[in-house]
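Data first, discussion second: the structure below is written as structure tokens.
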Amino acid sequence: MSHIGNKLRAGYFATPISQGKFVKELLEMPNETTIFDPTCGEGLILEYIAADKAVQTYGVEIDKSRAMEAGKRLDVCLQAPIESCVISNNFFGGIWLNPPYDYSIKGFSDDTTERKEYTELLRGTRYLRSGGVMIYIIPSYRFADAKIARFLATQFEKVALGRFSDEDYYDFSQCVFIGIKKQAKTKLFSQKMFEYLQSLQDDEFVLNEVPTLEQLVQSGKRWILPHTPLIAPTFYTRLESKENFIPLIRENKGFQAFKERSKPRDIRLNGQPILNISQGQMALLLASGMVNGVVGEGEHLHALQGLENVTVEHEKEESENGVMHISRTKRSVSIKVLTPSGEVYKLQ
């Protein structure tokens with residue numbers, strides 16, 4: 001997809017359920033646990049993974065329409081940028097991470113930006129408890145990035161990598177990393193894993209050496225999500241939804257006063273004016289639009305529309321010094337009247 005198209009989708013590419021089926025077979029959830037997807041989209045894949053399991057699902061989605069759909073499928077879902085969220089660290093039993101394929105937003109004090117595949121990996125690992133399972137899905141060539149490869153080779157153990165099966169790989173070019181977050185404070189770097197991940201920049205290597213997810217299932221490998229409480233101690237966004245402010249604004253006294261002051265004035269004249277209205281006063285009423293509207297009641301109900309006509313008249317004046325051209329602006333007033341019988345009169 002083009003760079004512009006990617007931006008319009010916010011880097012969003014949902015994981016096909018056909019591949020999620022294989023990942024679900026690789027996971028075991030014998031006890032109550034939690035799974036968090038920081039970029040959950042419409043929540044379809046996480047709903048499928050957690051179906052028929054004692055799992056509490058959490059999600060965050062920046063797009064409003066996708067977040068509304070995810071809210072119907074997940075136990076807890078926030079509509080917000082993940083950067084605005086306050087979430088418990090070292091809590092979730094599993095992290096499903098299919099990050100946007102884009103760059104992070106550059107702040108005023110930043111000299112460079114980072115790829116979101118890397119920044120979301122760092123963030124997601126913080127939320128994952130020690131011994132928890134990371135499911136990390138990105139295009140195969142991105143695993144060869146030195147920062148990503150080094151981080152995975154340091155922070156995780158009992159790992160495996162599987163690519164999408166052929167029916168989806170040629171469309172998505174994605175691989176799935178599954179590993180357990182190390183519990184030791186001192187984490188040893190795996191040079192072997194690092195070199196393996198670096199080799200994924202070659203698509204021929206991926207197609208010939210990386211097993212498909214279906215082959216991983218057939219190999220008998222499984223990852224057990226650890227037990228966790230179902231309720232996260234901290235899970236909210238610092239950004240308030242605009243919908244929450246609407247009733248407060250409507251009830252605000254200042255807003256009520258503004259509405260009253262900004263209403264069009266309703267001028268009603270009872271009976272005849274004390275003094276006849278001069279032509280200038282009538283012109284002022286017409287120019288301000290006060291004459292426009294409905295006048296009278298019942299059989300005498302008329303619709304009026306006032307209009308100020310502006311024309312320019314040109315004249316010549318001769319004098320001993322020559323001919324002088326004079327332009328004068330002339331203003332006139334006309335009123336259109338619609339009677340109850342449908343007749344239209346124009347008064348000038």
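Sequential numbering from 1 along the given sequence is applied to the chain's residues. Here the structure is a predicted model, which means the values were calculated and not measured.
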Testing the 3.5 Å rule here: is there a donor-acceptor pair between the side chains of Asn98 and Thr39? no
Hydrogens and angles aside, do Gln19 and Ser165 bring a side-chain donor and acceptor to less than 3.5 Å of each other? yes
My understanding is that only residues two or more places apart in sequence, or in another chain, count here; which of them pass salt bridge (Lys or Arg N to Asp or Glu O under 4.0 Å) with Arg142? Glu117, Asp145
What is the distance from atom CD of Glu313 to atom NZ of Lys330, rounded to the nearest 0.5 Å? 5.0 Å
Would you kindly confirm whether Val60 and Tyr118 end up in one hydrophobic cluster when ILVMFWY residues are joined by side chain heavy atoms under 4.5 Å apart? yes
Is there a donor in the side chain of Thr212 and an acceptor in the side chain of Glu214, or the other way round, less than 3.5 Å apart? no
Just by distance, no angles: are the side chains of Glu260 and Gln256 close enough, under 3.5 Å, to form a donor-acceptor pair? no
Judged by modelled atom types alone, do Ser140 and Ser173 share a side-chain donor-acceptor pair under 3.5 Å? no
Does NZ in Lys187 sit with more than 12 non-hydrogen atoms of other residues, nucleotides or ligands closer than 6.0 Å? yes
Do Ser190 and Tyr196 meet the criterion of a side-chain donor-acceptor pair at a distance under 3.5 Å? no
Kindly write out the residues that satisfy salt bridge (Lys or Arg N to Asp or Glu O under 4.0 Å) with Asp75, not counting sequence neighbours, or none if the list is empty. none
With a 4.5 Å heavy-atom cut-off, do Ile95 and Ile135 have their side chains touching? no
Checking ring pair (Phe, Tyr, Trp, His ring centres under 6.0 Å) for the pair Tyr58/Phe36: CA distance, chi angles, key distance, verdict? CA-CA 5 Å; Tyr58 291 78; Phe36 174 40; 7.1 Å; no
For the residue pair Leu46 and Arg73, establish whether any side-chain heavy-atom pair is separated by less than 4.5 Å. no
Side chains of His227 and Thr33: any donor to acceptor distance under 3.5 Å? no
Is the closest side-chain heavy-atom distance between Ile138 and Cys175 below 4.5 Å? no
Non-hydrogen side-chain atoms of Leu197 and Leu200 separated by less than 4.5 Å: yes
Within the structure provided, determine whether Lys182 and Phe156 are in side-chain contact (heavy-atom separation under 4.5 Å). no
Any chain of hydrophobic side-chain contacts (each under 4.5 Å) joining Leu239 to Ile246? no
Min side-chain heavy-atom separation Leu213-Val176 under 4.5 Å: yes
